[in-house]
Amino acid sequence: MAALPLPVRDGVGPSCVALPVGDWPTIAEFLVQRFAAIPRATWAARIEAGDVVDEHGQRVTHARPYQPRLRVYYYRALEAEPVIPFQEQVIHQDAHLLVVDKPHFLPVTPVGKYVQQSLLVRLKRALGLEHLAPLHRIDRETAGIVLFSVLPASRGPYSALFAERAVHKRYEAIVPWRAGRALPAVRHSRLAPDQHFMRMAEVAGEPNAETHFEMLEARGGWARLGLSPFTGRRHQLRVHCAALGMPIRNDAIYPVLLPEGSDDFDHPLQLLAREISFVDPVTGAERRFTSLRTLTLPA
């Protein structure tokens with residue numbers, strides 16, 4: 001695995017952009033236009049600090065001419081990143097695999113306004129594992145078990161487990177419940193991106209999403225369900241529950257997309273990645289990892 005031209009800093013590796021064919025006068029001018037949300041002064045400071053280099057490790061200067069098809073590396077940073085006041089817990093760690101119990105509100109990887117406040121970067125900083133990479137994702141709003149690959153050399157076999165659907169994942173969710181209604185054993189439907197980029201929707205066509213349901217307990221107008229997704233479509237569990245008339249408690253996207261605002265830490269989405277199991281492709285051992293977190297029915 002080739003070394004990157006900039007080292008990992010504070011748990012974050014450099015970002016990369018490939019320069020397309022174009023007539024920008026300088027690389028610096030391209031970066032300013034390509035990333036319009038980043039002030040020109042920010043790019044100037046990064047360049048002056050030596051934090052922008054090409055694929056060969058050569059510094060990008062303010063006057064360096066534009067070079068199509070060159071790759072440029074830089075450190076991404078946020079000036080005012082929100083702090084997520086909840087802590088992840090390491091469930092298991094060996095030479096190849098890291099298993100972590102993620103809290104609500106924490107993204108798995110850097111995204112949007114979260115860089116340092118992402119699970120991957122927190123773990124890299126805390127454990128010093130430069131090559132750590134997630135093997136799958138769960139929503140930022142969802143809590144529970146996430147698997148990481150520790151070494152690039154053994155990442156392929158673990159990734160193949162998910163591609164081949166050889167991993168059994170079990171979730172729990174709190175949903176509104178009406179006594180006497182029937183819970184389907186399974187829901188099949190076709191999911192596709194909705195008109196709003198934040199959402200997915202059920203559409204006509206051959207099903208590409210499958211979720212199995214189990215009643216765990218019901219009381220006082222609420223139920224705790226066991227959810228086992230056979231497929232891994234984006235927002236699959238949230239969409240399927242909402243489509244059945246039982247949207248997951250505190251869901252700010254389904255069935256109605258609420259205006260974006262600050263997180264309500266007192267009312268997390270009541271969805272938990274409770275358990276994951278598989279046959280370890282490296283050791284051959286049966287693996288089963290369970291979240292230490294719990295969901296409880298409202299009083």
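- Note on ring orientation: taking the six-membered ring where Trp is involved, the planes of Phe30 and Tyr66 are tilted (angle from 30° to 60°).
- Of the options Glu29, Gln67, Gln33, a side-chain hydrogen bond (donor to acceptor under 3.5 Å, both in side chains) to Trp24 is made by Gln33 and by none of the others.
- In this model, a donor atom of one side chain and an acceptor atom of the other lie less than 3.5 Å apart for Gln116 and Arg125.
- Inspection of the Ser189 and His240 side chains reveals an N or O donor paired with an N or O acceptor under 3.5 Å.
- Within 6.0 Å of CZ in Arg40 there are 12 or fewer heavy atoms belonging to other residues, nucleotides or ligands.
- Each of Leu272, Leu271, Ile248 was compared with Tyr171 under the side-chain contact (heavy atoms from CB on, under 4.5 Å) criterion, and only Leu271 meets it.
- Between the side chains of Gln236 and Thr211, at least one donor N or O sits under 3.5 Å from an acceptor N or O.
- Side-chain contact check for Ile47 versus Tyr74: every heavy-atom pair is 4.5 Å or farther apart.
- For Ala192, the side chain to side chain contact (heavy atoms under 4.5 Å, CB included) criterion is met by Val203, not counting sequence neighbours.
- In this pair, Phe105 and Phe265 present their aromatic rings perpendicular. The plane angle is above 60°, beyond the 30 to 60° band.
- A side-chain N or O of His212 and one of Glu210 form a donor-acceptor pair less than 3.5 Å apart.
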Check the pair Asp263 / Lys113 against salt bridge (Lys or Arg N to Asp or Glu O under 4.0 Å), numbers first and verdict last.
-> CA-CA 13 Å; Asp263 291 322; Lys113 59 186 178 181; 5.9 Å; no
Check the pair Arg219, Glu217 against salt bridge (Lys or Arg N to Asp or Glu O under 4.0 Å), reporting the backbone distance first and the verdict last.
-> CA-CA 7 Å; Arg219 184 180 67 250; Glu217 60 175 328; 3.7 Å; yes
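- Legend: residues meeting side-chain hydrogen bond (donor to acceptor under 3.5 Å, both in side chains) with Ser154, ordered by chain and number and at least two apart, are His96.
- At a threshold of 4.0 Å, the pair Asp54-Arg71 does not count as salt-bridged, since none of the basic side-chain nitrogens sits closer than that to a carboxylate oxygen.
- For Gln270 and Arg224, the side-chain atoms include no donor-acceptor pair closer than 3.5 Å.
- If you look at His235 and Tyr254, their ring centroids are closer than 6.0 Å.
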